[in-house]
Peer 1: 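Below is one structure. I have some questions about it.
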Amino acid sequence: MKQTIEALIVQAVESLKTSGVLETNTLPTITIERCRDPEHGDFATNVALILAKVAKTNPRQLAEKILAVLPVHDAVIKVELAGPGFINFFINPNVQYAIIQTIHELGREFGLSAIGAGKKVQVEFVSANPTGPLHVGHGRGAAYGSVVADLLQAVGFEVEREYYVNDAGRQMDILATSVWLRYLEECGEVFPFPSNGYRGDYVREIAWTIHKNSANQYHQPIATVLENIPADEPQGGDKDVYIDALIERAKTLLGLEHYRAVFQVGLQGILQDIKADLSEFGVNYQCWFSEQQLMDDGSVEKALARLRAGDYLYEKDGATWFASSQLGDEKDRVVVRENGQYTYFASDIAYHHHKLERGFDQIIDIWGADHHGYIPRVRAAMRALGADDSKLTVLLVQFAILWRNGVKVPMSTRSGEFVTLRQLRNEVGKDAARFFYAMRRSEQHMDFDLSLAVSKTNENPVFYVQYAYARVCSVLRQLDEKGWQRNLQSGMDNLNLLTAEHEIALLSTLTRYPEALQKAALQYEPHQLILYLRDVAHEFHTYYNAHQFLVEDALLRDARLNLVCAVKQVLANGLILLAINTPESM
RNA sequence: GGGGUUAUAGCUCAGCUGGAUAGAGCAUCGGCCUUCUAAGCCGAGGGUCGCAGGUUCGAGUCCUGCUAACCCCA
């Protein structure tokens, strides 16, 4: 419809040019907008306001001239000049009715499009260290990332969802050692737990499992473990030195094989928990990508070799540096430490190199906002690897601040003081949690009031949309109970009986769904889809209160039922896309 | 000190990329259930769009400078 109107305008402007009224050669980009206010019609254009400047006339006069030569079209029943020089278009309702038939025919497919043209997109999100359960902060990234991925798929991209598992590095060693120490407690040893160890209950559970399955196989007397180990922080030492010494001691006493065994039980235990958690949250991945794999299969060396070949690496102070500052980063970065170990950044370079080699047209990384300083160096790495860094899109998600009874909830994985995503789901439910997270723009700092979410779940806006869906279902049940049959064809043939203001408004809102979906997808803004669904729900509720659907007049009844079923379909399509349930009754 | 994000109603947030009288939910007040589900609808009050300039027919939206909050980096 937009294109039709645009064509009419272009035609009118061209004819003004040939008749010499307009002396400009430049045709500005014409914008046709849907009107917010129904009094302004269905579409409006500001072309006269834009052109007035070059034509050196006042906008209203120019608009009148455009109106005079505007071609007539069946779909447009009225055109009027308004305000400072807007041209408003009123669309023939007969054209609008067609959307009901379209929605009926396309069903679940309605709204989907092919503008992604099958381009391969990878969306990597959450990627939390597997050192503990996901907390509510991760929930936002999970909800946002999964909806972004689903939206892109809906508009025709080929999407791969990926979780990067940081299963290498010091944090994992700290976890493995924490597990082992808790295990020693299970064996009856008594000692103060390291201040820098992981203290969550889940560590104890993993230790308990190991003890159950392997009894005292990994036991060492605590005196041996702590022999000649420097003091922990509470005793005046350094907590990092202390935990690192314990890690080395664990490796020595257990031997590499047994250490790996404990390590793997810890890692797998937590990873399984994360996978289950996300799956129950409606988040599914095609790939869980292991950082350790990059180390093991030589990917890191390969990527660094590539940088070296491009002369981007140099040695200084015993370490190997990447000259990222040549490529837009603020300073150079270490990739291999003095002790020969790769930095996190080295694996990240290898990881992005690997992504590039997998042939994605677009790579989307979704990170917590605290990682924003990381973007320039990753871009630098991509350029150094010879890639076009515009392939990389980094989307940042701001942290949600948790409040409970007016007090900030502390969040620290190490101390074990945090609200898990699982707890949140148990308290407010999957649907409300997803909806709440996806409702907000990702860059918006967000307050999450847990006490409100728990005590007043009825106020959560997700119910508003679900209720609209359930109401339609209820109407259809009532139809059955009244012994009436729904005549689909008759309803389609009599759509022109839908003349009430509410009905016309609903038609135009339903028509907007594909646009809303595309916009939400291409701008990575799931909240736009949610706002749209709230609009649909609102207009439906209003309609519901204003008119009875199950009326005696069968022709009108069937027409209204067709409209209402179209509403049901659009709500379902949107909710299913958001991985939110569509309850038939509430 | 450098950088990022944010600032809109009492609270939580939208604002369709520069358009017409700045919107919703919650909260407050007043109406609507013998009629398809009241988790709903209708109405009212509530605003210096952080502050000060600038760009133009037109600015919550764009540019500059401040201020504050959160977060990275030294």
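To find a chain, count down the sequence lines: A is the first, B the second, and so on, and within it residues start at 1.
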Peer 1: Under the side-chain contact (heavy atoms from CB on, under 4.5 Å) test against A:L506, which residue among A:V570, A:L563, A:T542, A:V564 passes?
Peer 2: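 Filter result, single survivor: A:L563.
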Peer 1: At 4.0 Å (heavy atoms only), tell me whether A:A470 reaches a base, stays on the sugar-phosphate, or touches nothing.
Peer 2: base
Peer 1: Taking CZ from A:F43 and C1' from B:G19, how many angstroms apart are they, rounded to a whole number?
Peer 2: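 After rounding, the gap between these two atoms is 17 Å.
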Peer 1: Give A:L550 one of three labels, base, sugar-phosphate or nothing, depending on what nucleic acid heavy atoms sit under 4.0 Å from its own.
Peer 2: base
Peer 1: From the list B:A24, B:C13, B:G19, which nucleotide is the closest neighbour of the side chain of A:R440?
Peer 2: B:C13
Peer 1: What's the OH-P distance between A:Y437 and B:U12, to the nearest Å?
Peer 2: 17 Å
Peer 1: For the residue pair A:Y543 and A:F549, is the inter-centroid distance of their aromatic rings smaller than 6.0 Å?
Peer 2: yes
Peer 1: Any side-chain heavy atom of A:F125 within less than 4.5 Å of one from A:W367?
Peer 2: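 Not touching, per the 4.5 Å side-chain cut-off.
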Peer 1: Identify whether any heavy atom of A:A82 sits under 4.0 Å from a base atom; if not, whether one sits that close to sugar-phosphate; answer base, sugar-phosphate or nothing.
Peer 2: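 The residue A:A82 makes base contact.
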Peer 1: Please check if any side-chain donor atom of A:N487 sits under 3.5 Å from a side-chain acceptor atom of A:R557, or the reverse.
Peer 2: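 Short answer, no.
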Peer 1: Does the plane of the ring in A:Y464 sit parallel, tilted or perpendicular to the ring in A:H538? Use 30° and 60° as the thresholds.
Peer 2: parallel
Peer 1: Syn or anti for B:C62, with syn set at within 90° of 0?
Peer 2: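 With its glycosidic angle more than 90° from zero, B:C62 counts as anti.
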Peer 1: Hey, are the side chains of A:F322 and A:F345 touching, using non-hydrogen atoms and a 4.5 Å cut-off?
Peer 2: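 Side-chain contact under 4.5 Å: yes.
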Peer 1: Could you check whether A:H527 and the base of B:A14 form a stacked pair, meaning centres closer than 5.5 Å and planes differing by less than 30°?
Peer 2: no
Peer 1: How is the base pairing of RNA chain B summarised as a dot-bracket string, given the Watson-Crick and G-U wobble criteria with both distances under 3.5 Å, [ ] for crossing and | for another strand?
Peer 2: (((((((..((((.....[...)))).(((((.......))))).....(((((..]....)))))))))))).
Peer 1: Tell me whether B:U17 sits syn or anti, counting syn as a glycosidic angle within 90° of 0.
Peer 2: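 What B:U17 shows is a syn base, its glycosidic angle lying within 90° of 0.
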Peer 1: Answer yes if the ring centres of A:Y144 and A:Y437 are under 6.0 angstrom apart, and no otherwise.
Peer 2: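 No, the ring of A:Y144 stays outside the 6.0 Å limit from the ring of A:Y437, centre to centre.
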Peer 1: Look at all strands and tell whether A:E515 reaches a base, only sugar-phosphate, or nothing, counting heavy atoms closer than 4.0 Å.
Peer 2: nothing
Peer 1: Between A:S474 and A:E584, is there a side-chain heavy-atom distance shorter than 4.5 Å?
Peer 2: no
Peer 1: At a cut-off of 3.5 Å, list every protein nitrogen or oxygen paired with a nitrogen or oxygen from nucleotides 68-73 of chain B, distance to 0.1 Å.
Peer 2:
none

Peer 1: Does some side-chain heavy atom of A:V336 sit less than 4.5 Å from a side-chain heavy atom of A:Q341?
Peer 2: no
Peer 1: To the nearest Å, how far apart are A:E552 CD and B:U35 P?
Peer 2: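 Between P of B:U35 and CD of A:E552: 16 Å.
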Peer 1: Both A:V475 and A:L531 contact RNA chain B. Which one's nearest nucleotide lies toward the 5' end?
Peer 2: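 In this pair, the answer is A:L531.
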Peer 1: When you compare the side chain of A:L575 with that of A:N581, does any pair of heavy atoms fall below 4.5 Å?
Peer 2: no
Peer 1: Can you tell me how far C1' of B:C33 sits from OH of A:Y544, to the nearest Å?
Peer 2: 11 Å
Peer 1: What is the distance from CZ of A:R441 to C1' of B:U17, rounded to the nearest Å?
Peer 2: 12 Å
Peer 1: I'd like to know whether the aromatic ring centres of A:H502 and A:Y544 sit less than 6.0 Å apart in this structure.
Peer 2: no
Peer 1: In whole Å, I'd like the distance from the CG atom of A:D329 to the P atom of B:G3.
Peer 2: 15 Å
Peer 1: Can you name the atoms? Protein N/O to nucleotides 41-44 of chain B N/O, anything below 3.5 Å, with the distance.
Peer 2:
{"from": "B:C41", "atom 1": "OP1", "to": "A:Y464", "atom 2": "OH", "distance (Å)": "2.4"}
{"from": "B:C41", "atom 1": "O4'", "to": "A:N545", "atom 2": "ND2", "distance (Å)": "2.9"}
{"from": "B:C42", "atom 1": "OP1", "to": "A:T542", "atom 2": "OG1", "distance (Å)": "3.3"}

Peer 1: If you only use heavy atoms from C-beta on, which nucleotide in B:G19, B:U5, B:A39 is closest to the side chain of A:F86?
Peer 2: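 Within the option list, the nearest is B:G19.
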Peer 1: Do A:V536 and A:R512 have side-chain heavy atoms sitting under 4.5 Å apart?
Peer 2: no
Peer 1: Does A:N88 or A:Q478 map to a spot on RNA chain B nearer the 5' end, using the closest nucleotide for each?
Peer 2: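 Upstream on the strand: A:N88.
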